[in-house]
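If you're wondering where the values come from, they're calculated on a predicted model, not measured in any experiment. Each chain gets a letter, A, B and so on, in the order the sequences are listed, and its residues count up from 1.
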Amino acid sequence: MNIFVAKLNFKTTNEQLQAHFEAFGEVSSAKIIFDKETGRSKGFGFVEMPDDAAAKEAISQLNETEFDGRTIAVKVANPRS
DNA sequence: CATGAGCGC
């Protein structure tokens, strides 16, 4: 299941994001979206978890919670066109 | 170079 994570701290990295979600289950991939122009983080990313149950749990447990100093928004990601 | 809702190349 794909998970959308927004309002991340700009200094938050893929490793931190993955490690944060691994507390609820295995994470196949975690990716922060970086802006190609500035090279800085766009402040949001995506996490993919094989186990749907763990994914849903992670969403409900991490949404609207503080992570790396910022209150993040965790939701189910939309299908990429 | 900078910043704060959103959906990725």
* Student check: side-chain heavy atoms of A:Met1 and A:Lys56 closer than 4.5 Å -> yes
* Name all pairs fulfilling the side chain to side chain donor-acceptor pair (under 3.5 Å) condition that reach into residues 6-15 of chain A, sequence neighbours left out, sorted by first residue then second. => A:Lys11-A:Asp68, A:Thr12-A:Asp68, A:Thr13-A:Glu15, A:Thr13-A:Gln16
* Name the closest nucleotide to the A:Ala6 side chain, picking from B:dA2, B:dC7, B:dG6. => B:dG6
* **Most 5' of A:Phe34 and A:Ser41 on DNA chain B, judged by nearest nucleotide** => A:Ser41
* Structure fact -> A:Phe46 CZ to B:dG8 P, in whole Å, measures 6 Å
* Go through the structure and list residues passing side-chain contact (heavy atoms from CB on, under 4.5 Å) with A:Lys75, not counting sequence neighbours. => A:Phe4
* Establish whether A:Ile59 and A:Ile32 are linked, either directly or via other cluster members, by ILVMFWY side-chain heavy-atom contacts under 4.5 Å. => yes
* Stretch residues 26-33 of chain A: residues that reach within less than 4.0 Å of DNA chain B through a heavy atom -> A:Lys31, A:Ile33
* To do: May I have the distance from A:Asp35 (atom CG) to B:dG8 (atom P), rounded to whole angstrom?
  => 13 Å
* Asked: Would A:Arg70 and A:Leu8 satisfy side chain to side chain contact (heavy atoms under 4.5 Å, CB included), going step by step from the backbone distance to the final call?
  -> CA-CA 6 Å; A:Arg70 299 299 171 187; A:Leu8 292 164; over 6 Å; no
* Under 5.5 Å between ring centres and under 30° between planes: true for A:Phe44 and the base of B:dG8? -> no
* **Atom-pair distance (CG on A:Asn9; C1' on B:dG4), nearest Å** => 11 Å
* To do: Return the nearest nucleotide to the side chain of A:Thr38; candidates are B:dG8, B:dA2, B:dA5.
  => B:dA2
* Toward the 5' end of DNA chain B, by each residue's nearest nucleotide, A:Arg40 or A:Arg80 -> A:Arg40
* Structure fact -> Nearest heavy-atom contact between A:Arg40 and A:Thr38 is NH1-O, 2.8 Å
* Asked: With sequence neighbours excluded, what pairs up with A:Glu22 under the side-chain hydrogen bond (donor to acceptor under 3.5 Å, both in side chains) test?
  -> A:Gln18
* Interatomic distance, A:Asn2 CG vs B:dG8 C1' [rounded to whole Å] -> 10 Å
* Rounded to the nearest Å, what distance is computed from the CG atom of residue A:Leu17 to the C1' atom of nucleotide B:dG8? -> 13 Å
* Common cluster, A:Phe21/A:Phe24, ILVMFWY with side-chain heavy-atom separation under 4.5 Å -> yes
* **DNA chain B contacts made by residues 48-78 of chain A, counting heavy atoms under 4.0 Å** => A:Val76, A:Ala77, A:Asn78
* To do: Can you tell me which residue pairs pass the ring-ring contact (aromatic ring centres under 6.0 Å, His included) test with a partner in residues 48-71 of chain A, sequence neighbours excluded?
  => A:His20-A:Phe67
